[in-house]
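Below is one structure, written out as structure tokens; the observations come after it.
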Amino acid sequence: AATVERRLAEFRAARGRSAFSSRSAEPPGKAAAPEAPEGQRAAGLGGGAQAGPGGVETATPVWARPLLLKVLLWAVLLALFAELELGLPYFVLSLLYWMYASTRGPAERRRGELSAYSVFNPGCTAIAGTLTAEQLERELYYRPAVGR
């Protein structure tokens, strides 16, 4: 919980610094546009704008967005396989691939990031907010928490 609070404070401080610097560069009569978070901007999810040369954001055409192109390609292939009467296997296999591609292995986690499943964490450490069997039993029988 302390690390989350620290990271939140760092984020707010960085956002405040970037908002202050961007507001000071604009003319007084012009309002600042809301900015996308850094992670979204880097991933290209910040509303279709990408950083061009010199850090200036340029608008990306709708047809050039990678996610849209992937969805359109998938839909065209689905129509093709449906025409060949193989639409259902294509749909099921694409769902299985999507589930496989969206999972990350333990080597792909960032340093210090815990898994949602405590058995995969060092020392079986549970993440904050996990309901344990002891807590559930205590709440069912209205017992006070240990140490209180």
Side-chain angles (χ1 to χ4, degrees), residues 1-24 26 31-52 55-82 84-148:
T3 58
V4 173
E5 294 290 333
R6 180 182 51 80
R7 288 178 59 199
L8 183 60
E10 290 172 359
F11 171 76
R12 286 180 177 156
R15 186 177 65 180
R17 283 192 303 267
S18 67
F20 177 73
S21 64
S22 68
R23 284 189 194 128
S24 63
E26 290 192 19
E35 293 186 26
E38 292 297 324
Q40 287 182 349
R41 186 179 298 139
L45 300 174
Q50 293 182 353
V56 178
E57 290 190 15
T58 58
T60 304
V62 173
W63 53 267
R65 294 183 184 164
L67 180 62
L68 180 64
L69 291 175
K70 289 177 185 178
V71 169
L72 286 175
L73 176 65
W74 179 84
V76 167
L77 287 175
L78 178 64
L80 175 70
F81 279 100
L84 297 172
E85 297 182 5
L86 294 170
L88 185 62
Y90 175 76
F91 184 77
V92 170
L93 288 175
S94 63
L95 285 180
L96 290 173
Y97 172 74
W98 175 69
M99 289 183 345
Y100 170 75
S102 65
T103 57
R104 297 184 306 166
E108 296 173 0
R109 268 192 251 133
R110 292 178 288 239
R111 185 181 179 117
E113 181 182 10
L114 296 176
S115 171
Y117 302 101
S118 60
V119 294
F120 297 120
N121 296 330
C124 292
T125 308
I127 60 174
T130 302
L131 180 65
T132 62
E134 293 84 14
Q135 179 185 0
L136 180 63
E137 189 175 284
R138 190 173 56 243
E139 290 177 4
L140 286 174
Y141 295 118
Y142 302 107
R143 294 183 190 153
V146 176
R148 291 186 186 188

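Nothing here was measured: the structure is a model prediction, and the numbers come from that model. Every heavy atom of this structure was used, including side-chain atoms; hydrogens, water molecules and symmetry mates were not.
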The criterion is side chain to side chain contact (heavy atoms under 4.5 Å, CB included); which residues satisfy it with [X], sequence neighbours excluded?
{"X": "L88", "value": "V92"}
{"X": "W74", "value": "L78, Y90, F91, S94"}
{"X": "R7", "value": "none"}
{"X": "A79", "value": "none"}

Compile the donor-acceptor pairs under 3.5 Å between side chains in residues 122-132 and protein atoms, sequence neighbours left out, one pair per line.
unit_1, atom_1, unit_2, atom_2, d
T125, OG1, P122, O, 2.8
T130, OG1, I127, O, 2.7
T132, OG1, Q135, N, 3.2

For E10, enumerate each residue passing the salt bridge (Lys or Arg N to Asp or Glu O under 4.0 Å) test, keeping only those at least two apart in sequence or located in another chain.
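For E10 the salt bridge (Lys or Arg N to Asp or Glu O under 4.0 Å) partners, ignoring immediate neighbours, are R6.
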CG of L86 to CG of L77, rounded to nearest 0.5 Å, is 12.5 Å
